[in-house]
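Below, read A as the first sequence line, B as the second, and so on, with proteins coming before strands; counting in each chain starts at 1.
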Amino acid sequence: MKRLSLHDTLSRERQEIFPSDGEVFRFYCCGPTVYGPAHIGNFRTFLVQDLLRRVVELSGIQTCHVRNITDVDDKTIRESQAAGVSLAEFTAGWTALFHEDAQALNVLQPHVEPGAVHHIPEQVALIEALLAGGNAYRSDDGSVYFRVSSYAPYGRLSRLDRRELKAGAGESANDADEYDKDNVSDFVLWKTRKPADGDNFWDSPWGEGRPGWHLECSAMGMKYLGESFDLHAGGVDLCFPHHENEIAQSEAATGKTFARHWFHNEHLMVDGSKMSKSLGNLYTLADIVERGFGPGELRYALLAGACRTKINFSMARLQEARGNLERLAAFIANLGGALQDYGELCSLAASGRLDAGPFLPVWEALLEDLNTPAALGQLFTALKPLEKAAAAGALKADEMDAARTGLAMIVHAFGWLIPEVAGAGGDSVDIPADITQMAEQRWRAKQDKNWEEADRLRDELAASGWVIKDTSGGYEVERNRA
RNA sequence: GGCGAGGUAGCAAAGUGGUAAUGCGCUGGUUUGCAAAACCGGUAUUCGCGGGUUCGAUUCCCGCCCUCGCCUCCA
């Protein structure tokens, strides 16, 4: 089967993705810092990574997916103290919400989800190796820094060769952390204990303190995936300094290539600028649900844009997602029979018997750098003649099977949550009695050809948020979703 | 200032050295008492601006304008 090819940040070329050991594709994703609810911009990243994993798995390759939880840093410590609870209790709560949201969005749970707090010894060991190799040094206050000048390839990923601060922005960037560094670009591996840390410190050969942020991903990635693994992913903002530093500290310690490929997705924008906690222009999943949309619609909308292109978020996108998902649902209902489940498709793929059938162009678009907009274009192109044939009952059994399997493959690759089609299950929304009554009155007026009264009642229903759809010999009442 | 991404129809968004997918919207038609829904059709001689290369450029090269991101915690 054809392989996925992805744009690699390091080489800036599109490269084929495959497991270096020939068996399991091992990849690491930078996960959330759990100090509040993740916003939908965070989820765009996890959704893109989920898409990546699904495409790899549906092409018949087993994966090992590691995504960390950052459960100790300045923010988690500060916020837990503000909340008056222990760091562990504080991060556990936000981690639980993250899991809930991710599950609602149909994001596959990673195979390993390590937390920094549980991997202090691994991080300490990594620092020891760096100190031994002359890549790190201790400062007078007990912190340990990575010496950037000791790692020649530093800066390859972000192509920021000169670590110069923006003119004029330097003075206020201050940071008490920085005064002990030999060089401004050096970064902290171990932060010495400060009063503000409260109970949150650990023992180390250099005294009490806590690991620097970049360290956890190196230590945990290498622990679960090996010193060298297939791919490392994250949002574009992590390119520098986070990933640059990860590469430096990992490769300086092991002498091996840390990650073979680097995959960065673009940000989600709102009102033309980056969604971020500091700007206050963020939405959480709960905000979306409050506005009457579901996680399935959010998932569709966030994956409809190309992974490496900024997308501007709006309710119109969710509305569009709704329409397209309903169209798919209607077609699937017409096909009859249930779509295969994800596991079943993965086994078929592993044995080389999975076939996208009439949806092959859709699948191929996904294999080309996860080009979801092109894939959607192909999807609707392929769908149109099939919809027509299915509606006319003109599809033969084998054609229906091929369409069902092919579409299942696409649906699972995107991880779409297909809505229940009204009427198919018979369990539609509860319609209030007064609405039913009004609709009935309107129907009788219509039968009497009392158009004026019938239209008046229809308008009244519309004003209450219900829409009448006349069918041959009857009518239906539906919630007005516009 | 340095590095990077991008400017394609009303909106969203692919794409290619040979005259522009797709979704929404809009619009004409079928249907309907009229609508809604559904279905059928139409909807960029043109791809930020100006040059150049070429038989031919939206696609390659040069310059310019604009937007956004990173260079500081950040998905």
Side-chain angles (χ1 to χ4, degrees), chain A residues 9 12 29-33 35 38-49 67 70 73-75 155 158-170 172-175 177-178 184-185 213 233-242 244 264-269 272-279 282 300-302 304-306 308-312 314 316-317 319-324 327 330 361-362 365 368 371-384 387-388 391-392 446 449-452 454-455 458-459 461-462 467-472 475-476 478 480 482:
Chain A
T9 313
R12 292 191 183 183
C29 302
C30 289
T33 301
Y35 68 107
H39 62 240
I40 62 175
N42 298 128
F43 278 115
R44 178 183 185 190
T45 291
F46 303 129
L47 249 12
V48 164
Q49 292 161 353
R67 187 183 62 213
T70 295
D73 77 325
D74 293 340
K75 291 186 288 272
S158 54
R159 317 236 163 175
L160 292 168
D161 291 331
R162 299 176 187 285
R163 318 267 88 234
E164 293 167 357
L165 292 175
K166 179 167 61 175
S172 60
N174 58 55
D175 232 39
D177 280 354
E178 288 191 6
V184 274
S185 41
W213 171 47
V236 273
D237 53 303
L238 296 186
C239 210
F240 181 85
H242 187 54
E244 198 72 76
H264 293 96
N265 59 279
E266 254 298 348
H267 281 302
L268 183 67
M269 319 284 283
S273 60
K274 191 173 97 169
M275 173 182 291
S276 73
K277 280 170 182 157
S278 55
L279 284 176
L282 55 84
Y300 184 102
L302 294 185
R308 291 184 303 103
T309 301
K310 297 177 185 73
I311 57 181
N312 205 10
S314 68
R317 283 177 172 277
Q319 194 62 48
E320 208 175 309
R322 170 170 291 171
N324 289 149
R327 177 174 169 186
V362 188
E368 289 196 19
N371 190 339
T372 53
L376 290 176
Q378 293 294 164
L379 173 67
F380 293 113
T381 303
L383 205 53
K384 199 164 187 174
E387 284 174 321
K388 202 181 286 189
K446 187 182 146 122
K449 299 204 189 297
N450 183 353
W451 310 129
E452 207 173 296
D455 291 351
R458 187 170 61 196
D459 289 346
L461 280 161
V467 62
I468 296 273
K469 290 182 185 175
D470 287 337
T471 59
S472 55
Y475 67 92
E476 284 170 10
E478 276 179 22
N480 184 1

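At least one side-chain nitrogen or oxygen of A:Thr309 sits closer than 4.0 Å to the OP1 or OP2 atom of B:A14. The side chain of A:Asn324 contributes no N or O atom lying less than 4.0 Å from OP1 or OP2 of B:U22. The phosphate of B:A13 has OP1 or OP2 within less than 4.0 Å of a side-chain N or O from A:Arg317.
Looking at the side chain of A:His267, the nearest of the listed nucleotides B:G23, B:A14, B:A75 is B:A75. Side chain of A:Asp237, nearest nucleotide from B:C71, B:C73, B:A75: B:A75. Taking the side chain of A:Leu268 as heavy atoms from C-beta on, and the options B:A21, B:A75, B:G15, the nearest nucleotide is B:A75. For A:Met269, the side-chain atoms get nearest to B:G69 when compared with the rest of B:G69, B:G23, B:G15. Taking only side-chain atoms of A:Thr45, from C-beta outward, the nucleotide of B:A75, B:C24, B:C73 with the closest atom is B:A75.
Separation of the C1' atoms belonging to B:G6 and B:U59 is 16 Å when rounded to the nearest angstrom. Nucleotides B:G1 and B:G63, compared at atom P, are 16 Å apart to the nearest Å. Here, B:C11 and B:C71 have their P atoms 31 Å apart, quoted to the whole Å. Using atom C1' as the reference point in both B:A38 and B:U32, the two lie 12 Å apart (nearest Å). Across B:U58 and B:G7, the matching C1' atoms stand 12 Å from one another, rounded to whole Å. Between B:G2 and B:U22, the two P atoms lie 42 Å apart (nearest whole Å). Comparing B:U8 with B:A13, their C1' atoms sit 9 Å apart, to the nearest whole Å. Using P as the reference atom, B:G18 and B:C61 are 16 Å apart when rounded to the nearest Å.
Atoms NZ (A:Lys310) and C1' (B:A5) sit 5 Å apart, rounded to a whole Å. Look at CG on A:Leu302: it is 16 Å from P on B:A75, rounded to the nearest Å. One atom, CD1 of A:Ile311, and another, C1' of B:G23, lie 14 Å apart when rounded to the nearest Å. Taking atom CZ of residue A:Arg308 and atom P of nucleotide B:A14, one finds them 11 Å apart after rounding to whole Å. For A:Lys274 and B:G6, the NZ to C1' distance is 17 Å, given to the nearest whole Å. At whole-Å resolution of the value, NE2 in A:His242 and P in B:C71 are 14 Å apart. Distance A:Leu461 CG to B:A36 P: 16 Å, rounded to the nearest Å. One can place CD of A:Glu266 at 13 Å from P of B:G7, the figure rounded to the nearest angstrom.
Residue contacts for A:Gly272: at a heavy-atom cut-off of 4.0 Å it reaches the sugar-phosphate backbone alone, with no base atom in range. Among the atoms of the strands shown, base atoms are found under 4.0 Å from some heavy atom of A:Met275. Looking at heavy-atom distances under 4.0 Å, A:Thr33 makes contact with sugar-phosphate atoms alone, never a base. Across all strands shown, A:Gly235 has heavy atoms under 4.0 Å from sugar-phosphate atoms exclusively, and none from any base. Residue contacts for A:Arg327: at a heavy-atom cut-off of 4.0 Å it reaches the sugar-phosphate backbone alone, with no base atom in range. A:His39 comes within 4.0 angstrom of a nucleotide base, judged by non-hydrogen atoms across all strands. At a threshold of 4.0 angstrom between heavy atoms, the contacts of A:Gly41 include nucleobase atoms, whether or not backbone atoms are also involved. Using a 4.0 Å heavy-atom criterion, one finds that A:Ala304 contacts no nucleic acid atom at all. The residue A:Ser273 sits close only to the backbone: its heavy atoms come under 4.0 Å of sugar-phosphate atoms, none of a base.
At a threshold of 4.5 Å between non-hydrogen side-chain atoms, the residues A:His267 and A:Val236 count as touching. Between A:Tyr35 and A:Asp73, every side-chain heavy-atom pair lies at or beyond the 4.5 Å cut-off. Between A:Thr381 and A:Pro361 there is no side-chain heavy-atom pair separated by less than 4.5 Å. Counting heavy atoms from C-beta outward, A:Arg12 and A:Arg159 have side chains that approach closer than 4.5 Å. Between A:Leu302 and A:Phe46 the shortest side-chain heavy-atom distance does not fall below 4.5 Å. In this structure the side chain of A:Phe240 never reaches within 4.5 angstrom of the side chain of A:His242, judged on heavy atoms.
With sequence neighbours excluded, no residue satisfies salt bridge (charged side-chain N to carboxylate O under 4.0 Å, His left out) with A:Glu476. Under the rule for a side chain to side chain contact (heavy atoms under 4.5 Å, CB included), the partners of A:Ser314 that lie at least two apart in sequence or sit in another chain are A:Ala316, A:Arg317. Checked against ring-ring contact (aromatic ring centres under 6.0 Å, His included), A:Tyr475 has the following partners two or more places apart in sequence or in another chain: A:Trp443.
Between A:Asp237 and A:Lys274, no side-chain nitrogen of the basic residue sits less than 4.0 Å from a carboxylate oxygen of the acidic one, so the salt-bridge criterion is not met.
Looking at which nucleotide of RNA chain B each of A:Gly31 and A:Asn312 is closest to, the 5′-most match is held by A:Asn312.
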So which protein N/O to nucleotides 31-35 of chain B N/O distances come out below 3.5 Å?
unit_1 : atom_1 : unit_2   : atom_2 : d
B:G33  : N1     : A:Asp455 : OD1    : 3.0
B:G33  : N2     : A:Asp455 : OD2    : 2.7
B:C34  : O2     : A:Arg458 : NH2    : 2.8
B:C34  : N3     : A:Arg458 : NH1    : 2.9
B:C34  : N3     : A:Arg458 : NH2    : 3.2
B:C34  : N4     : A:Arg458 : NH1    : 3.4
B:A35  : N6     : A:Asp470 : OD2    : 3.1
B:A35  : N3     : A:Arg458 : NH1    : 2.9

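At distances below 3.5 Å, at least one donor-acceptor pair connects side-chain atoms of A:Glu244 with backbone N or O atoms of A:Ser158.
Judged as a side chain to side chain donor-acceptor pair (under 3.5 Å), the pairs with a partner in residues 38-47 of chain A (not counting sequence neighbours) are, in order, A:His39-A:Asn42, A:Thr45-A:Asn265.
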Worksheet entry | Dot-bracket summary - RNA chain B, pairs being Watson-Crick or G-U whose distances fall under 3.5 Å, with | when paired to another strand | (((((((..(((.........)))((((((.......))))))....(((((.......))))))))))))....
